[in-house]
Structure formats: C-alpha cells, structure tokens
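Taking it in order: structure first as structure tokens, then the write-up.
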Amino acid sequence: MNAYAISAPQAPGRIHLVDIRRKALLLAQLRVLLIGAAFLALAAAALLRIAYLGVVQPAPSQRSMADALLPSRGEITDRNGVPLARAFPAYALWFNPTAMDDGGPPLVQSAKAVAHRLKQIFPDLDETEVAHKLASGKSGYLRRRILPEDANKVMALGELALELPRETDRHYPQGSMAAHVLGYVDEDGKGHVGMESALNDRLLDPALRAAPVALSIDARVQGALEDELRRGMLSVNAVGAAGIVLDVDTGEVLALASLPEFDPNKVDQDGQKFVFNKVTNQVYELGSTFKPLAVAAAIDAGTVTDLSRRYSATPIHIGGFTIKDSHPLGATLNVPETLIHSSNIVTAHIVDDLGAARLKQVMADLGFNERPYIELPARGFPIWASGEWPRLRAMTVGYGHGIAVTPLHLATAYAAMVNGGIWRPATLHKVEPGQANRGRRVFKASTSARMNQLLRMIALYGTGRHADAPGFRVGGKTGSAEKPGSGGYNRTSVVATFAAAFPMDKPRYVIISMMDEPKAVAASSFQRTAAWNAAPVIRRLVPRIGPILGVYPDDTRDIDLTDLKPLIGSEE
C-alpha cells in the first residue's frame with residue numbers, strides 16, 4: 001500500500017511524456033512528408049521542363065568545332081589573294097522597350113534627348129526619325145553595321161533599352177573599288193547585283209566557304225582603271241564613264257568599272273541609283289569602233305584583197321538617206337586611210353561589197369546577237385535586227401549605227417580581232433594556265449595580223465593619236481555616236497568610246513574606255529569626240545598597268561608597218 005501510495009502520483013507524468021514523444025514523431029514524419037513532397041514537386045517540374053524542351057521547344061542546333069570556326073560567308077579575293085569581300089562580326093542597335101521590367105518608361109532620358117546623343121555618335125543618323133521610333137514604344141532596329149568603338153559609346157549612354165546584339169556583317173576592305181564586280185549583301189545575308197549574287201550559294205555552302213574564291217580581277221589594275229576613268233569623266237563633265245581591261249588569250253577580266261560607283265559597305269537609297277553596270281548591262285551604239293570589225297570581215301571574206309584600192313568618198317544617197325562623213329576627207333580613200341580618218345562613206349562601200357548576210361554572220365559569231373557572256377547576273381540584250389538585213393542597215397551597222405551592244409561585247413570582239421581570230425567568252429573567274437576556254441574561230445590568223453597593223457596605224461597617224469603611250473605600241477579605234485532620244489538622235493549628247501589593244505606587235509590586252517555625254521570643255525579642246533576625251537584615258541592608263549601586267553615600255557620594237565606606210569597620203 002505504501003508503495004502504491006508513493007508511485008501513483010507519477011502516472012500522469014508518464015502519459016504526458018508519451019504524448020510529447022508521439023507529437024514529435026508525428027511532426028518529424030510530417031516534415032519528412034513535406035520535404036519528400038517538395039522533392040517530388042521539383043522532380044515533376046524538371047520532368048515537365050525536359051518534356052517541353054524535347055517536344056515543344058526545338059533542341060539547340062548541333063555545331064561542330066569546324067563549323068563554328070568557318071566564316072558565315074566565304075571570302076572573295078582578287079587574282080593575287082587581295083581580300084575584296086569578307087565576313088566579320090559586327091553589332092546592331094536594337095530598341096527594346098521591355099528591357100526595364102519594373103513597369104516604368106523604357107528610357108531614362110527623353111526619346112528626343114537619346115536621339116540627340118545617338119546623333120553625336122552617328123553623324124549621318126536621322127535624329128527626328130530615331131526620336132519618333134523611340135517615342136513610339138515599338139521594338140526594332142535603329143541601326144545596323146556598328147563598329148565596336150561606336151558600340152562602346154552607345155553602352156556608355158546607360159540606356160538599358162538600347163541593346164547591341166551581335167551579328168555577322170559583310171565587309172569590303174577596298175571600299176567602293178570593284179563595286180560593280182562584287183555587288184553587295186543585304187541585311188538578310190543575300191547577295192545582290194554582282195559576284196555576291198552569282199556566287200551566293202557557293203559562298204554559303206559549308207563544304208566550300210572555308211576556301212576563298214579568287215576572281216580574275218587584279219586590284220592594282222582595277223584601281224588604276226577607276227582612277228583614270230574618274231579623272232577623265234570629271235575633266236569633261238561627263239555624266240558617267242565605263243571601262244574594262246581584258247586578257248585577249250584567256251578572256252579574263254582584269255578590271256571592270258562603271259562610274260559613278262557605289263559603296264557596297266553601305267548601299268543606301270543614294271547608292272541604289274548607281275548599282276547599274278554600264279559595262280555589262282547598258283547597250284549603246286558604239287559608232288566608229290565597229291569600222292575595224294567591218295573591215296576585218298571584208299578581208300576575211302576576200303572582198304578586200306588590195307588595201308591600196310581607192311573607194312569614192314563622196315556622200316552616198318540611198319533610200320532617202322544620205323551617208324556622209326563629219327567633214328570632207330578627199331575624193332577617194334584606200335582602206336588604211338579609211339580607218340585612219342574614220343570614213344563612214346568608204347566603210348559603207350566596203351560593207352556593200354561584202355554583203356549584208358556575211359556582215360550579219362560575223363557580228364553573230366562575235367556574240368552581238370545575244371547577251372554578253374560573263375558570270376554577272378545583269379547582262380543587257382543587244383538591239384539586234386532579226387531577219388535579213390537590207391542594204392542600208394548593213395551599211396550603217398558597218399560604222400556602228402543601227403545596232404547597240406554593251407562595252408563588254410565590244411571588248412570580246414576586239415580581243416578576237418587581235419589575238420589571232422579566236423572569240424572567247426569573258427570571265428570573272430581566275431583561269432589557271434592551260435585552262436582557258438577554247439573559244440571559236442571568227443577570223444583567220446592572217447586577217448588578225450593585218451588588223452593589228454591597221455589598228456596601230458590609227459594610233460600613230462589617225463584619230464587615235466591621243467591614245468598612244470610611248471613604248472607600249474598601242475593600237476585602237478575611236479567611236480563617237482549620238483545618243484538616241486525621242487524623235488531621233490540627240491545631237492547634243494554623245495557616247496565617246498576608244499577600243500584599244502597593246503602591245504600591237506604581240507597583243508595581250510584589250511582596253512575599252514567610254515565617256516557618257518562628255519561636254520566640250522577646255523580640257524578636251526572644246527571637242528566632244530572620243531579622240532579628245534576617251535583616248536587620253538588610254539594614254540595615261542597603259543603606262544600605269546603595263547608593267548604590272550608584264551608589259552614594259554620598249555622604244556626599240558614595234559609592229560612592222562613597212563608595207564602599209566606608203567599607202568597613207570601623209571602623216572598627220
């Protein structure tokens with residue numbers, strides 16, 4: 001009893017301890033459950049995210065290390081490896097009005113103030129237009145192709161809404177040089193106009209874009225051609241100019257220029273006006289530059305066998321039309337005198353003897369009835385009369401009227417005339433030794449040799465004297481043609497052309513120099529004809545590019561003219 005009396009009061013304490021232990025155990029179990037539930041929730045979220053990435057959102061693209069190191073677009077170089085077009089990382093200026101996620105305004109400063117500060121970084125920026133874009137609250141590009149130093153200046157403004165995403169840009173290290181050969185790449189990475197368009201797929205091909213594409217262009221020759229054409233164009237206030245330097249044995253284009261030029265690094269609205277290529281896409285009546293081609297056709301056909309034969313030089317009246325010369329050249333002329341003095345009348349007689357059908361066939365063999373052969377996408381279609389040519393048309397075509405072709409057509413025709421008689425298509429791809437196009441024969445080798453003599457005589461004694469560069473044995477022919485307009489020819493607007501080749505003792509290169517609408521100014525002795533504006537370009541250009549191309553001045557050698565020199569009346 002006493003023991004019971006002593007222990008009885010302790011029972012409630014034990015019950016209390018058991019209750020505490022049970023509650024602690026339940027609490028621990030609850031915590032474990034909560035932690036487990038949290039882990040299950042995280043696992044479920046992870047599984048849902050994995051499912052989303054695998055089903056809804058496309059997986060990241062796989063890129064090999066080689067692909068990551070390749071340029072996004074292949075490089076274009078000149079024939080000697082000088083870079084003409086290459087891809088490089090750049091920045092763009094993007095306005096993101098949601099960059100500030102606190103619900104406040106997207107810009108710290110006012111839209112007008114930000115536009116003003118951007119104008120200080122980019123002087124050509126339209127401040128009003130940019131201010132309007134910023135105030136509109138709409139996202140979009142404010143500028144593309146930003147240099148790293150300018151990107152740093154934009155970041156210094158402290159505006160989070162002005163973002164600078166990285167993008168790949170196309171850069172033309174030589175600026176506007178060879179712009180019409182290269183073309184340009186738009187903001188979406190697509191090539192336009194020139195070889196950027198022609199080679200677009202090749203330059204983007206992952207299997208090929210690591211290797212640069214070498215063009216036939218020589219950057220040194222290209223720069224000299226553009227420089228001399230620009231000098232000539234500005235000196236006579238011409239509205240434009242064009243020129244080409246062509247290898248007569250391979251068809252390679254070593255230089256091609258159309259002025260005014262554009263800058264492919266920034267083709268804005270003003271630049272778009274000048275992307276048209278006058279050399280390959282514009283057709284012209286090229287006037288008297290056709291006369292040697294007509295004479296070559298007659299010699300080749302055998303209708304001209306005696307160069308001393310004299311033809312009447314009095315005007316020809318045919319079908320209500322009169323063929324005449326710019327000024328009287330005497331009662332009669334032989335073939336050398338005809339080319340030296342550029343007689344329309346005697347050329348018409350020579351063509352009349354040849355016959356319209358044979359002249360037309362030679363012109364077709366020279367490619368004058370189709371677009372010029374070259375890789376550029378923009379190629380003009382000639383004005384070519386189909387069907388049988390009447391007598392009058394053939395006569396006028398013989399001296400360069402009634403047919404319109406591109407300067408490139410003329411260059412390839414002259415190359416065939418001086419290289420031994422083989423016509424080849426022009427190319428802007430570098431041609432390896434022994435890989436030149438075989439071409440097609442248009443003239444006999446003997447005809448070509450005779451024409452080389454006659455072209456040299458024109459530069460020595462005739463209308464081409466202002467093209468002669470001492471020691472380089474230049475030959476060629478002038479051509480001045482009035483431009484057609486509404487209601488007939490515009491007598492105040494001419495296209496002046498000189499078609500040249502050098503050195504005439506062994507021709508290697510043809511050069512075409514053309515002035516579009518030259519003015520009669522003091523620099524051209526107040527004359528508009530090619531002898532006074534297009535020919536001097538050749539005289540200055542040849543000594544610049546000759547040594548580059550392996551042709552050096554040599555006053556001790558020249559083409560032999562001993563059999564033809566007695567046929568001309570006097571040396572002028």
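Here the structure is a predicted model, which means the values were calculated and not measured.
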**Prompt:** Between Phe262 and His180, does the ring centre distance come in under 6.0 Å?
**Reply:** yes

**Prompt:** Sequence neighbours excluded, which residues qualify as salt bridge (charged side-chain N to carboxylate O under 4.0 Å, His left out) partners of Arg544?
**Reply:** Asp227, Glu228

[X] side, atom [atom1]; [Y] side, atom [atom2] - distance, nearest 0.5 Å:
X	Y	atom1	atom2	result
Asp126	His132	CG	NE2	11.0 Å
Ile146	Arg144	CD1	CZ	9.5 Å
Leu293	Phe443	CG	CZ	6.0 Å
Leu182	Leu199	CG	CG	10.0 Å
Lys266	Ser176	NZ	OG	14.0 Å

**Prompt:** Using the ring of each side chain (for Trp, its six-membered ring), is Phe368 parallel, tilted or perpendicular to His409, with breaks at 30° and 60°?
**Reply:** perpendicular

**Request:** I would like to know whether Lys360 and Trp384 meet side-chain contact (heavy atoms from CB on, under 4.5 Å); could you show each step before the answer?
**Result:** CA-CA 10 Å; Lys360 184 180 180 182; Trp384 172 271; 3.6 Å; yes

**Asked** Only one of Leu408, Val245, Val279, Ile512 clears side chain to side chain contact (heavy atoms under 4.5 Å, CB included) with Leu256; which?
**Response** Val279

**Item:** Result of checking Val154, Asp150, Asn152 against Leu164 for side chain to side chain contact (heavy atoms under 4.5 Å, CB included)
**Value:** Val154

Any non-hydrogen side-chain atom of [X] less than 4.5 Å from a side-chain atom of [Y]?
X	Y	value
Val495	Met515	no
His116	Gln120	yes
Pro382	Thr406	no
Pro407	Lys278	no
Val181	Met195	yes
Asn533	Phe498	no
Leu455	Met504	yes
Val283	Val405	no

**Request:** For Tyr509 and Phe502, run ring-ring contact (aromatic ring centres under 6.0 Å, His included): C-alpha distance rounded to whole Å, both residues' side-chain angles, the deciding distance at 0.1 Å, then the answer.
**Result:** CA-CA 6 Å; Tyr509 304 100; Phe502 78 101; 5.8 Å; yes

**Message:** For Ser288 and Lys291, which I'm curious about, is there any donor-acceptor pair between the side chains at under 3.5 Å?
**Reply:**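 Per modelled atom types, Ser288 and Lys291 side chains form a pair under 3.5 Å.
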
**Message:** Both conditions, 6.0 Å and 45 degrees, for the charged tip of Arg143 above the ring of Tyr141: are they met here?
**Reply:** no

Under 4.0 Å between a Lys/Arg side-chain N and an Asp/Glu carboxylate O for [X] and [Y]?
X	Y	answer
Glu149	Lys153	no
Arg230	Glu261	yes
Arg456	Asp505	no
Arg220	Asp218	yes

Exercise answer: donor-acceptor pairs, residues 432-440 side-chain atoms, under 3.5 Å, sequence neighbours excluded:
residue: Asn437; atom: OD1; partner: Gly439; partner atom: N; Å: 2.7
residue: Arg440; atom: NE; partner: Asp365; partner atom: O; Å: 2.8
residue: Arg440; atom: NH2; partner: Asp365; partner atom: O; Å: 2.7

**Message:** Using the rule given for side-chain hydrogen bond (donor to acceptor under 3.5 Å, both in side chains), can you reason through Asn200 versus Arg73, listing the C-alpha separation, both sets of side-chain angles and the distance that settles it, and then say yes or no?
**Reply:** CA-CA 9 Å; Asn200 194 66; Arg73 189 178 180 90; 2.9 Å; yes

**Prompt:** Yes or no on side-chain contact (heavy atoms from CB on, under 4.5 Å) for Ile76 and Arg170, after CA distance, side-chain angles and deciding distance?
**Reply:** CA-CA 11 Å; Ile76 300 176; Arg170 194 65 163 168; 3.9 Å; yes

**Message:** Using the rule given for side-chain contact (heavy atoms from CB on, under 4.5 Å), can you reason through Thr478 versus Thr497, listing the C-alpha separation, both sets of side-chain angles and the distance that settles it, and then say yes or no?
**Reply:** CA-CA 6 Å; Thr478 53; Thr497 308; over 6 Å; no

Short question: side chain of [X], backbone of [Y] - any donor-acceptor pair under 3.5 Å?
X	Y	value
Glu226	Ala178	yes
Asn265	Tyr172	yes
Ser524	Gln527	yes
Ser480	Ala530	yes

Distance-only donor-acceptor hits, side chain of residues 85-96, under 3.5 Å, sequence neighbours excluded:
residue: Arg86; atom: NE; partner: Glu75; partner atom: OE1; Å: 3.2
residue: Arg86; atom: NH2; partner: Glu75; partner atom: OE1; Å: 3.0
residue: Asn96; atom: OD1; partner: Thr98; partner atom: N; Å: 3.2
residue: Asn96; atom: OD1; partner: Thr98; partner atom: OG1; Å: 2.8
residue: Asn96; atom: ND2; partner: Glu163; partner atom: OE2; Å: 2.8

**Asked** After noting the C-alpha distance and the side-chain angles of Leu157 and Ile121, does the key distance pass the side-chain contact (heavy atoms from CB on, under 4.5 Å) rule?
**Response** CA-CA 10 Å; Leu157 298 181; Ile121 300 173; 4.3 Å; yes

